[in-house]
Amino acid sequence: MDFILDTHTHTIASGHAYNTINEMAKSATNKGLKLLAITEHAPAMPGSCTYMYFLNFKALRREKYGVKLLFGAELNILDKNGTLDLDEGILKGLDICIASIHPPCYNGSTKEDNLDAYIKAIRNPYVNIIGHPDDGRFPVDMEKLVLAAKENHVLLEINNASLNPEGFRKDTEKNDLEMLKFCKKYGQPVVIGSDAHVEEDIGNFKRAEKVIAKAGFPEELVINTSADKLYSYLKKN
């Protein structure tokens, strides 16, 4: 597959990543990408930027070094009610919004809580992507998750970093294969995110590609091959 875009990356503003916007954009150019989304961790993540950071994106150029840039947030889902850590007034000004569950920020405790949290976040009109729903520390009914995403025109992510065997997320390949099975059944597209925290990892989809191949997942349901496919999921932004 010809991947031309990466929807999930972080700069030094996220507090535990290590490159600047310029460095990330240059790396994307060098790797042949046409579009890069920079999605900083939202404020509930320890050490990340405050809400003020997300209020001034109008000051940023949307193209550098020949790469189109989107600026958004990886929002933290805080509870089973799908509460997010940026309010609507800020979300409406972002180019792209990923909503994810992270252990330092989330207080749900059961599989039912996790599903409720994801579905209510999916129903938020500004959420475009559910990030790394493969994390086995937060088990979920994948079929119901896929159906909710399809109903609300929200993408589900295959997170390349999640699939690192030395990573801290649990049972990610197994969970991705289950999710892809239902995405294939119901015609629900997915997007691959590198979740790069250093410029070398931008556009690194090697582990995700292997899982997609193993699942026999159709290329036409992978968003990373077309900017227009991605834009169709960003219309509300």
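Small disclaimer: the values here were computed from a predicted structure and weren't measured.
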Q: When the ring planes of F138 and Y106 are compared, do they come out parallel, tilted or perpendicular, using 30° and 60° as the limits?
A: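 Geometry flag for Y106 against F138: perpendicular rings.
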
Q: Quick one, T7 and I129 - any side-chain contact, counting heavy atoms below 4.5 Å?
A: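 Result yes, sub-4.5 Å side-chain heavy-atom pair found.
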
Q: Please evaluate residues I202 and N30 with respect to the criterion side-chain contact (heavy atoms from CB on, under 4.5 Å), reporting the C-alpha separation (whole Å), side-chain torsions for both, the decisive distance (0.1 Å), and the verdict.
A: CA-CA 10 Å; I202 288 175; N30 293 339; over 6 Å; no

Q: Do L155 and L230 come close enough that some side-chain heavy atom pair is under 4.5 Å?
A: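 Yes, close enough: below the 4.5 Å cut-off.
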
Q: So how far is it from Y231 OH to N128 CG, rounded to the nearest 0.5 Å?
A: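 Interatomic distance, Y231 OH to N128 CG, rounded to 0.5 Å: 13.0 Å.
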
Q: Decide side-chain contact (heavy atoms from CB on, under 4.5 Å) for L35 and I4; before the verdict, give the C-alpha distance in whole Å, the side-chain angles of both, and the deciding distance to 0.1 Å.
A: CA-CA 7 Å; L35 186 149; I4 66 162; over 6 Å; no

Q: Out of curiosity, L78 CG to I101 CD1, how far, rounded to the nearest 0.5 Å?
A: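 If I round to the nearest 0.5 Å, the distance is 10.0 Å.
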
Q: So if you build clusters from Ile, Leu, Val, Met, Phe, Trp, Tyr with side-chain heavy-atom gaps below 4.5 Å, do L84 and M52 land together?
A: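 Yes, because L84 and M52 connect within a single hydrophobic cluster, where side-chain heavy atoms sit under 4.5 Å apart.
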
Q: Test side-chain contact (heavy atoms from CB on, under 4.5 Å) on K111 and L115 and set out the steps.
A: CA-CA 6 Å; K111 188 174 182 178; L115 182 63; over 6 Å; no

Q: Taking C-beta and beyond as the side chain, do K34 and K68 meet within less than 4.5 Å on heavy atoms?
A: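 When only atoms from C-beta onward are counted, K68 and K34 do not touch, as no gap falls below 4.5 Å.
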
Q: Got a donor-acceptor contact below 3.5 angstrom from the S14 side chain to the A17 backbone?
A: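 The answer is no, because no donor-acceptor pair under 3.5 Å joins these two groups.
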
Q: Just by modelled atom types, is the N76 backbone N or O under 3.5 Å from a matching donor or acceptor in the S100 side chain?
A: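 No; judged by distance alone, with no hydrogens or angles, the pair does not exist.
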
Q: Between P43 and L86, what is the shortest heavy-atom contact and its length?
A: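 Answer, listing the atom of P43 first, then L86: CD-CD2, 3.6 Å.
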
Q: Do other residues, nucleotides or ligands put more than 12 heavy atoms under 6.0 Å from the NZ atom of K80?
A: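 No, the 6.0 Å shell around NZ holds no more than 12 heavy atoms from other groups.
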
Q: Could you tell me if the side chain of E40 sits less than 4.5 Å from the side chain of H10, heavy atoms only?
A: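 Sidechains of E40 and H10: in contact.
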
Q: Looking at side-chain heavy atoms only, is the closest gap between K210 and K214 below 4.5 Å?
A: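 SC-SC contact between K210 and K214 ruled out.
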
Q: Looking at R169 and D195, is there a salt bridge between them, counting it only when a charged N and a carboxylate O are closer than 4.0 Å?
A: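 The answer is yes: the pair qualifies as a salt bridge.
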
Q: Of all the heavy-atom pairs spanning I158 and A208, show the shortest one and how long it is.
A: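 Taking every non-hydrogen atom into account, CG2-CB, 3.6 Å.
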
Q: Over all heavy atoms of both residues, which pair between I12 and Y18 is shortest? Give the atoms and the distance, please.
A: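 The answer is CG2-C, 3.5 Å.
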
Q: For the pair N152 (side chain) and I122 (backbone), establish whether a donor and an acceptor sit closer than 3.5 Å, ignoring hydrogens and angles.
A: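 Not at all, since once roles are kept as given, no pair shorter than 3.5 Å links the two residues.
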
Q: Of the non-hydrogen atoms in A28 and L36, which two are nearest, and what is the gap between them?
A: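 Looks like CB-CD2, 4.1 Å.
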
Q: Any chain of hydrophobic side-chain contacts (each under 4.5 Å) joining L180 to L147?
A: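 Looking at the clustering, L147 is in the same group as L180.
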
Q: Could you give the distance from CD1 (I212) to CD (E219), rounded to the nearest 0.5 Å?
A: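 Atom-to-atom, I212:CD1 and E219:CD are 10.0 Å apart.
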
Q: Got a second to check how far K206's NZ is from I192's CD1, nearest 0.5 Å?
A: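 Answer for the NZ-CD1 pair, K206 versus I192, is 13.5 Å.
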
Q: Looking at H41, is its backbone amide N or carbonyl O close enough to the side chain of S48 to form a donor-acceptor pair, meaning the two atoms are under 3.5 Å apart?
A: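 Judged by distance alone, yes, a pair lies under 3.5 Å.
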
Q: Do side-chain atoms of N224 reach the backbone of V191 as a donor and acceptor pair under 3.5 angstrom?
A: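 Not at all, since once roles are kept as given, no pair shorter than 3.5 Å links the two residues.
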
Q: Between L156 and C183, does a side-chain contact (heavy atoms from CB on, under 4.5 Å) hold up when you go through it step by step?
A: CA-CA 9 Å; L156 297 172; C183 286; 4.1 Å; yes

Q: Applying a strict under-4.5 Å side-chain criterion to I, L, V, M, F, W and Y, I'd like to know whether V211 and F3 cluster together.
A: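 Yes; tracing contacts between hydrophobic side chains, which count when under 4.5 Å, links both residues.
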
Q: Hey, is OH on Y51 packed in by over 12 heavy atoms from elsewhere, all under 6.0 Å?
A: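 Result for OH/Y51: open.
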
Q: So do the side chains of L91 and L75 get within less than 4.5 Å of each other, counting heavy atoms only?
A: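 Yes; the side chains approach each other to less than 4.5 Å.
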
Q: Is K185 salt-bridged to E143, going by a charged N under 4.0 Å from an acidic O?
A: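 Salt bridge: yes.
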
Q: Indicate if Y126 and Y53 have the same hydrophobic cluster label, given that clusters are the connected sets of ILVMFWY residues with side-chain heavy-atom separations under 4.5 angstrom.
A: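 As far as the 4.5 Å side-chain criterion goes, Y53 and Y126 are connected within one cluster.
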
Q: Hey, any chance V198 and I21 share a hydrophobic cluster, counting ILVMFWY side chains that come within less than 4.5 Å of each other, even indirectly?
A: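 Different clusters.
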
Q: Could you tell me if the side chain of N22 sits less than 4.5 Å from the side chain of Y65, heavy atoms only?
A: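 A side-chain contact exists here, since the closest heavy-atom pair is under 4.5 Å.
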
Q: Enter the distance from I96:CD1 to H8:NE2 here, rounded to the nearest 0.5 Å.
A: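 The distance works out to 10.0 Å.
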
Q: Using modelled atom types only, decide if a donor and an acceptor are shared between the side chain of D171 and the backbone of K174 within a distance under 3.5 Å.
A: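 Looks like no, no N/O pair under 3.5 Å.
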
Q: Return the CG to OG1 distance between L163 and T172, rounded to the nearest 0.5 Å.
A: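 Going from CG on L163 over to OG1 on T172, the span is 4.5 Å.
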
Q: Do you know the tightest heavy-atom contact between E157 and H132?
A: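 What the structure gives for the nearest pair is OE1-N, 2.8 Å.
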
Q: Specify whether F57 and F54 have parallel, tilted or perpendicular ring planes, treating 30° as the upper limit for parallel and 60° as the lower limit for perpendicular.
A: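 Correct class here is perpendicular.
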
Q: Can you confirm whether P189 sits close enough to K229 that some side-chain heavy atom of one is under 4.5 Å from a side-chain heavy atom of the other?
A: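 They are not in contact (no side-chain heavy atoms under 4.5 Å apart), so the answer is no.
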
Q: Answer yes or no: is there a donor N or O on one side and an acceptor on the other, between the side chain of D95 and the main chain of F71, under 3.5 Å?
A: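 Present.
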
Q: For N160 and S194, indicate whether the former's side chain and the latter's backbone hold a donor-acceptor pair under 3.5 Å.
A: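 Absent.
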
Q: Output yes when a side-chain donor or acceptor of D141 lies under 3.5 Å from a complementary backbone atom of K144, and no otherwise.
A: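 Side chain of D141 to backbone of K144, a donor-acceptor pair under 3.5 Å: yes, one is there.
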
Q: Y233 vs H153 aromatic rings, parallel, tilted or perpendicular, using cut-offs 30° and 60°?
A: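 Parallel: the ring planes of Y233 and H153 meet at under 30°.
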
Q: Should the pair D6-K31 be classified as a salt bridge under the 4.0 Å nitrogen-to-oxygen rule?
A: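 No salt bridge links D6 with K31.
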
Q: Mind listing the closest non-hydrogen atom pair of K184 and F217 along with its distance?
A: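 For K184 and F217, the tightest heavy-atom pair comes out as N-CE1, 3.6 Å.
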
Q: When you measure from the side chain of R207 to the backbone N and O of F205, does any donor-acceptor pair fall under 3.5 Å?
A: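 Pair absent, no side-chain N/O of R207 close to backbone of F205.
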
